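Computed from heavy atoms alone, side chains included, the values below leave out hydrogens, waters and symmetry copies. Source: prediction; values computed, not measured.
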Amino acid sequence: MNSNKEIRVMIFEPGKEPYTAVLEDSLEHRQALVGGEIECISLPHETVLCCNAAGKWMGLPVNRQLRNDTIHGTFFLYGDTPEGQGVSLTEEQIARFRDYFTKPRPSVVAFEVRSAKDTEEFLRLMFGGRKGGGSK
């Protein structure tokens, strides 16, 4: 990363539409944008996703779904070269990933059981109201 180089990135903040911005291509600026240590994930079409490595564990807000996981906190995309250098996103990459990352979708459903009634409701939702362990 060259601290004098600026690149165009696409920023995804929780609950907001994505937008493009120019970012100085340095570790410090990347960390400032995501709010901590970064994790970079290679995506198709010579694109890299950069997010907070501990966003989920820090309790950052749910943002977008990526494969079988949910990204928490702000993340951004930038272009990549075969040599691994960060470059500005192309218009094609921006269009592709604007549609790829839609609204946030949770990766798991949580259900807190606090009483016997909650347990009955949970079992009804999971097993369609069947009672007993046998099949019908």
Exercise answer: donor-acceptor pairs, residues 81-89 side-chain atoms, under 3.5 Å, sequence neighbours excluded:
unit_1 : atom_1 : unit_2 : atom_2 : d
T81    : OG1    : E83    : N      : 3.3
T81    : OG1    : E83    : OE1    : 3.3
T81    : OG1    : G84    : N      : 3.3
T81    : OG1    : Q85    : N      : 3.0
S88    : OG     : R8     : N      : 2.8

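Among residues two or more places apart in sequence or in another chain, the salt bridge (Lys or Arg N to Asp or Glu O under 4.0 Å) test is passed with E13 by K16. In this structure, E39 has no side chain to side chain donor-acceptor pair (under 3.5 Å) partners at least two apart in sequence or on a different chain. Residues meeting the side chain to side chain contact (heavy atoms under 4.5 Å, CB included) test with E46, sequence neighbours left out: Q93. In this view, L49 and I41, L43, C51, L66, I71, F75, L77, F101 satisfy the side chain to side chain contact (heavy atoms under 4.5 Å, CB included) rule, not counting sequence neighbours.
Counting side-chain heavy-atom gaps under 4.5 Å among Ile, Leu, Val, Met, Phe, Trp and Tyr, the cluster of L60 also holds M58.
For the pair T74 and I11, the minimum side-chain heavy-atom distance is below 4.5 Å. Counting heavy atoms from C-beta on, the side chains of R96 and H45 come closer than 4.5 Å. Put simply, the side chain of I94 reaches to within 4.5 Å of the side chain of T20, judged on heavy atoms. Here the side chains of E17 and F12 are not in contact, with every heavy-atom distance at 4.5 Å or above. Residues R30 and D25 meet the side-chain proximity criterion, which asks for heavy atoms closer than 4.5 Å. Residues C50 and Q31 fail the side-chain proximity criterion, which asks for heavy atoms closer than 4.5 Å.
Of all the heavy atoms in I38 and C40, the pair that sits closest is CD1-SG, 4.0 Å.
Under the 30°/60° scheme for interplanar angles, the aromatic rings of F97 and Y100 are found to stand perpendicular.
At distances below 3.5 Å, at least one donor-acceptor pair connects side-chain atoms of N52 with backbone N or O atoms of G35.
If you take CZ on R98 and CD on E91, they are separated by 9.0 Å, rounding to the nearest 0.5 Å.
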